[in-house]
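Single-structure report; data block below.
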Protein chains: 2
Amino acid sequence: METIPKTMRALVQLEDGYSGKSEGPVISDAALYLAEAEIPVPTPEKGQVLIKLRIASVNPSDLHFIKGEYGQPRRKGAPVGFEGCGDVVAAGKGAERLIGKRVAFAVSLGGSGAWAEYALTDAVACIPLRSDVSDVNGSAQIVNPLTAMAMVDIAAKDGDAFVISAATSQLGKLIISLAKDMNLKVIALVRRADAVTPLKAMGATEVLVTTASGFSDQFSVASRALKPRVFLDAVSDQICETVFTLMPNNARWVSYGKLGTEAPRLTQMGQLIFMGKRIEGFWLTNWMRSTPPADQARVAGEVQARFADGRWNTDVSASLRLKEVIEGLADATKLTDGKVVIIP
Amino acid sequence: METIPKTMRALVQLEDGYSGKSEGPVISDAALYLAEAEIPVPTPEKGQVLIKLRIASVNPSDLHFIKGEYGQPRRKGAPVGFEGCGDVVAAGKGAERLIGKRVAFAVSLGGSGAWAEYALTDAVACIPLRSDVSDVNGSAQIVNPLTAMAMVDIAAKDGDAFVISAATSQLGKLIISLAKDMNLKVIALVRRADAVTPLKAMGATEVLVTTASGFSDQFSVASRALKPRVFLDAVSDQICETVFTLMPNNARWVSYGKLGTEAPRLTQMGQLIFMGKRIEGFWLTNWMRSTPPADQARVAGEVQARFADGRWNTDVSASLRLKEVIEGLADATKLTDGKVVIIP
């Protein structure tokens with residue numbers, strides 16, 4: 001087994017805590033928030049593993065976190081990065097079974113982030129990878145795919161049709177393909193007209209362009225025809241509020257992201273009262289806290305099977321080395337046709 | 001038994017359907033929406049009763065409805081008025097047991113409104129009155145008291161403290177007295193400083209003036225100390241949104257009215273995601289549809305006992321005859337220290 005070095009290269013936070021702002025997961029310059037540093041390789045405690053990174057992936061939640069707008073406080077000097085794929089090279093008590101395994105992992109609270117040569121997390125946040133799943137697919141197997149699975153499950157319990165925003169995102173595409181397999185109808189909202197044909201080909205029942213004139217009329221027609229009860233929303237802006245007001249009785253606006261930077265106005269509070277509508281949120285971390293481990297394992301196995309047989313695939317729009325992230329991350333995350341990955 | 005006339009005086013709608021506006025329950029001139037008319041006395045069908053009015057009461061929901069902003073469409077030419085007290089003078093099949101009884105009543109869908117010499121409603125929407133409950137208390141026994149009971153029940157299931165807005169309203173006072181009896185702590189929000197002393201005397205744990213400088217800091221301190229999980233809100237404006245953002249994890253903003261005319265901005269969508277907060281509504285009609293009859297009867301009995309023994313009382317701020325309503329309603333409903341009632 002190879003020797004573990006004393007220090008490693010990592011991208012670390014410049015700030016502590018929360019920013020108090022709500023600007024959304026867009027960064028103008030990574031150097032405002034992150035620095036490259038040579039820091040000690042962390043040591044796994046009981047139940048934890050040390051992972052030598054193969055590939056880390058960049059999620060909107062990473063950008064939220066870096067900017068101090070995420071659901072947990074920043075720690076100055078600590079490596080960032082919620083998700084990746086790598087090899088377990090050391091383990092604390094009770095986690096030894098994972099040593100030598102290639103795993104997909106999410107970094108849990110108390111861990112050390114994935115945008116580094118080595119990451120540290122709980123053994124329960126690791127999924128050993130089948131050999132027929134690529135490193136790239138392994139690096140993006142938890143945050144988006146589990147979120148997709150869990151949210152489609154919520155929607156499926158509340159009817160046979162639902163609405164999604166930001167439908168061209170990786171998560172959006174996962175949801176559409178999953179809904180198709182489950183015979184659920186999806187009204188997919190996109191910003192650009194060139195997304196309509198590919199998403200329809202992928203299985204979306206309706207694809208509507210939110211920036212088009214007549215959008216709200218088009219949505220209204222689709223809503224009356226398909227009667228969606230759940231709106232899985234990554235944008236949470238004023239257009240999303242309009243969408244919600246055009247949905248039928250007992251509709252649920254489930255926000256899981258804030259790509260939009262404006263604070264939406266609630267123009268129809270009366271619909272909450274008289275139509276039984278409600279507004280809530282979804283966070284994978286809360287889902288993992290509240291879902292039995294056996295159910296989570298079943299879902300994780302289903303996710304991996306989908307990547308292994310090609311039903312799901314991670315499109316890469318940009319690949320950055322650790323030393324390129326500070327300079328290249330802002331531009332790379334402006335690309336909209338796939339995922340940004342980070343390699344050591 | 002007295003003869004039932006062929007026609008009656010009633011206040012009827014000038015418009016059909018919804019206005020599409022959201023101005024709130026304030027009227028500048030009743031003549032914009034209502035006319036006095038001599039119309040046929042309705043005939044009770046199966047399960048319905050005809051009630052000779054003693055007193056009708058004016059609720060914010062009546063003003064919402066008259067303006068076309070309520071949860072059911074207006075019917076041009078139909079009498080308005082959701083609640084009152086009177087004597088059952090005729091009954092359809094299965095409702096004969098109520099003939100001759102003095103009842104509190106709410107007008108259900110398909111009925112004929114209370115702002116008239118005779119009203120028509122379902123027998124199940126009538127509560128026979130004990131002799132020790134006055135006509136005035138009988139006329140305001142359902143809409144506010146049942147709403148208070150049902151909402152406090154919601155709050156009580158989610159902790160030992162909650163927040164209410166518009167705390168000086170009749171409904172607010174009912175809620176405060178009920179919470180006191182149940183050993184629940186109430187943070188009461190009011191607009192005027194002169195409301196603080198009386199509401200504290202009534203049993204509110206904290207009474208905060210929303211128009212005072214430093215209000216949000218004061219609320220923040222109270223919220224951290226008492227950890228309220230439920231906000232029963234009749235106002236639903238931007239200050240209410242601020243209140244919601246200052247509440248702890250898993251807080252629920254339960255809107256049951258829209259006294260405020262502005263559309264509140266959701267400035268902290270992330271709290272829905274990361275803190276498990278949600279925004280919903282309460283409507284007594286939905287509660288009555290979804291609550292078993294035996295439970296409703298128990299709650300109604302408890303309500304009446306409270307009026308009978310003086311724990312609850314309806315303060316009257318203005319009393320109008322039917323023929324005075326068109327001219328007097330706008331001014332009467334501007335008074336904030338009690339209920340407006342209508343007598344034939």
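By convention in this document, chain letters (A, B, ...) are assigned in the order of the sequence lines, proteins followed by strands, and residues within each chain are numbered from 1.
Minimum heavy-atom separation, B:Leu266 to A:Ala263: O-CB, 3.3 Å.
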Atom pairs (donor, acceptor) spanning chain A and chain B, under 3.5 Å:
residue  : atom : partner  : partner atom : Å
A:Ala263 : O    : B:Arg265 : NH1          : 2.8
A:Pro264 : O    : B:Leu266 : N            : 2.8
A:Arg265 : NH1  : B:Ala263 : O            : 2.8
A:Leu266 : N    : B:Pro264 : O            : 2.8
A:Ile279 : N    : B:Ile279 : O            : 2.8
A:Ile279 : O    : B:Ile279 : N            : 2.8

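Annotation: side chain to side chain contact (heavy atoms under 4.5 Å, CB included) contacts of B:Pro60 (sequence neighbours excluded): B:Pro25. The side chain to side chain contact (heavy atoms under 4.5 Å, CB included) search around A:Ala106 returns A:Ile142, not counting sequence neighbours.
Between chain A and the residues B:Gly270, B:Gly257, B:Gly281, the most heavy-atom pairs under 4.5 angstrom are made by B:Gly281.
Counting only residues at least two apart or in different chains, salt bridge (charged side-chain N to carboxylate O under 4.0 Å, His left out) contacts with residues 141-151 of chain B are absent.
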